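Atoms within a ligand are numbered from 1 in the order they appear, just like the ligands themselves. In this text the structure is predicted, and so the values were computed from the model without any measurement.
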Amino acid sequence: MHVVVPFAATEPKTRLAAALSPSERSTVARAMLADVLAAVVGAGHEPTVVATAPLDLDALPIADDVRVSTAVSVDERSLTEAVNARLPNGCGDEAVAVVMADLALTTVDALETLFSADADVAVAPGRGGGTNALVVRHPDFRVDYHGASYLDHCEIARDVGANLETVDSFRLATDVDEPADLVEVLVHGSETDRAPASLRELGFELDADGGRVTVARLENSTTE
Ligand SMILES: Nc1nc2c(ncn2[C@@H]2O[C@H](COP(=O)(O)OP(=O)(O)OP(=O)(O)O)[C@@H](O)[C@H]2O)c(=O)[nH]1
Ligand SMILES: C[C@H](OP(=O)(O)O)C(=O)O
């Protein structure tokens with residue numbers, strides 16, 4: 001199976017601007033990418049990062065085996081166009097999985113569950129209606145990201161006669177888009193993962209003193 005990991009390499013994660021400076025967002029985005037790549041390689045696949053700009057794998061916090069298993073393809077087209085250019089075209093084509101780079105809680109098990117679904121299209125929706133990861137085996141299915149793309153993808157699958165399976169996974173449903181999502185990274189991230197480590201290095205910690213748990217930042221921990 002081809003595994004594609006789209007990555008906005010310049011100015012990633014703009015919706016985290018209230019919590020992180022541009023360079024901090026870049027650091028955290030790369031830490032999440034590193035965790036996703038490690039999980040894909042752990043699941044036995046060789047990912048291709050489809051990046052909007054050149055990406056230096058040597059500068060990513062990844063182990064050597066992950067680095068040598070990962071390819072980078074620079075594609076300046078929109079997310080939807082770049083992904084569609086890599087989906088199966090003909091009946092004999094290999095399945096293609098698309099796993100977003102901001103799935104900080106991704107695990108090998110969660111990916112294996114998605115990858116082993118044998119539907120024409122298997123989708124792991126994100127909270128809020130997005131499409132965090134999917135596997136495409138049908139030659140006519142194409143993506144249309146943004147907005148409630150999960151619903152759009154259900155409709156596109158129907159239109160092309162592809163059967164679609166929805167994979168219910170907390171870990172794959174949790175993409176990190178907004179400051180509130182950082183709570184999930186600190187609560188559920190593993191001690192060996194880069195994303196929670198990067199947040200802690202930037203001074204973030206859980207704040208459970210009020211009603212809902214939030215993240216707080218230690219004083220004097222901003223880097224800019
Ligand atoms: N190749 C490619 N990847 C993209 C593009 N836009 C977003 N991505 C990646 O697609 C996934 C989902 O992205 P979003 O959460 O919608 O956008 P984002 O750029 O990460 O964050 P925001 O700036 O806050 O919208 C992430 O892995 C991004 O790195 C794009 O134009 N091209
Ligand atoms: C790419 C987009 O991601 P979101 O903006 O929902 O995180 C989507 O899943 O359609």
Side-chain angles (χ1 to χ4, degrees), residues 2-40 47-57 60 62 70-87 96-106 110-111 114 121-136 141-157 164 166-167 169-182 184-185 194-195 198-199:
H2 290 303
V3 182
V4 168
V5 181
F7 185 62
T10 51
E11 293 187 47
K13 295 285 126 212
T14 54
R15 283 171 283 172
L16 291 176
L20 296 161
S21 72
S23 77
E24 291 167 347
R25 297 201 296 274
S26 179
T27 299
V28 173
R30 281 163 169 71
M32 293 194 288
L33 171 65
D35 291 335
V36 169
L37 295 177
V40 173
T48 299
V49 181
V50 176
T52 51
L55 179 70
D56 181 5
L57 289 181
L60 281 186
I62 49 177
T70 301
V72 176
S73 171
V74 176
D75 195 325
E76 293 177 0
R77 289 175 285 187
S78 72
L79 174 62
T80 293
E81 289 175 299
V83 168
N84 279 333
R86 290 166 171 83
L87 293 184
V96 175
V98 183
V99 181
M100 293 313 191
D102 57 356
L103 307 185
L105 304 185
T106 308
L111 287 180
L114 172 71
V121 181
V123 180
R127 285 179 294 120
T131 303
N132 284 356
L134 84 171
V135 176
V136 180
F141 179 86
R142 292 295 176 265
V143 293
D144 185 5
Y145 284 112
H146 300 300
S149 65
Y150 166 67
L151 296 177
D152 296 335
H153 291 148
C154 291
E155 194 177 326
I156 293 165
L164 180 142
T166 300
V167 175
S169 164
F170 167 73
R171 290 197 165 268
L172 296 180
T174 306
D175 51 343
V176 177
D177 288 333
E178 295 173 358
D181 300 327
L182 301 178
E184 308 301 337
V185 182
R194 284 307 310 159
S198 72
L199 290 176

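At least one N/O-N/O distance between P6 and ligand 1 falls below 3.5 Å. For ligand 1, the polar-atom distance check finds no N/O of M100 at less than 3.5 Å from any of the ligand's N/O atoms. On a distance-only criterion, H146 and ligand 1 share no N/O pair closer than 3.5 Å.
Contact annotation for atom 7 (O) of ligand 2: protein present (non-hydrogen atoms, distance under 4.0 Å).
For atom 22 (P) of ligand 1, the nearest non-hydrogen atom from the set L103, T14, T10 comes from T14. For atom 1 (N) of ligand 1, the choice among V49, V50, T131 with the nearest heavy atom turns out to be V50. For atom 5 (O) of ligand 2, the choice among K13, M100, R15 with the nearest heavy atom turns out to be R15.
Between the CG atom of D75 and the OG1 atom of T52 there is a distance of 9.5 Å, given to the nearest 0.5 Å. Once rounded to the nearest 0.5 Å, the distance linking CZ of R15 with CG of L20 reads 14.0 Å. Atom CG in L37 sits 12.0 Å away from atom CZ in R30 (nearest 0.5 Å). For the atom pair E11 CD and S26 OG, the distance stands at 10.0 Å (nearest 0.5 Å).
Short contacts between ligand 2 and D175, defined as distances under 4.0 Å to a heavy atom of the residue, involve ligand atoms 7 (O). Taking a cut-off of under 4.0 Å to the non-hydrogen atoms of S149, the atoms of ligand 2 that pass are 8 (C), 9 (O), 10 (O). Residue-ligand proximity, D177 to ligand 2, at heavy-atom distances under 4.0 Å covers atoms 7 (O).
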Apply side-chain hydrogen bond (donor to acceptor under 3.5 Å, both in side chains) to the pair T27 and E24, showing each step before the final yes or no. CA-CA 5 Å; T27 299; E24 291 167 347; over 6 Å; no
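In terms of protein heavy-atom proximity, atom 1 (C) of ligand 2 is closest to L79 CD2, 3.5 Å. Remark: minimum distance from atom 24 (O) of ligand 1 to any protein heavy atom is reached at R15 N, 2.9 Å. The nearest heavy-atom contact from the protein to atom 9 (O) of ligand 2 is T131 N, 2.7 Å. Scanning all protein heavy atoms for the shortest distance to atom 2 (C) of ligand 1 gives T52 CG2, 3.6 Å.
Residue-level proximity to ligand 1 for A101 is carried by backbone and side chain together, each with a heavy atom below 4.0 angstrom.
Within the structure, ligand 1 lacks D75 among the residues with a heavy atom less than 4.0 angstrom away. Taking a 4.0 Å cut-off on heavy atoms, E178 fails to register as neighbouring ligand 2.
For the side-chain hydrogen bond (donor to acceptor under 3.5 Å, both in side chains) with S149, the lone residue among N132, D144, T131 that qualifies is T131.
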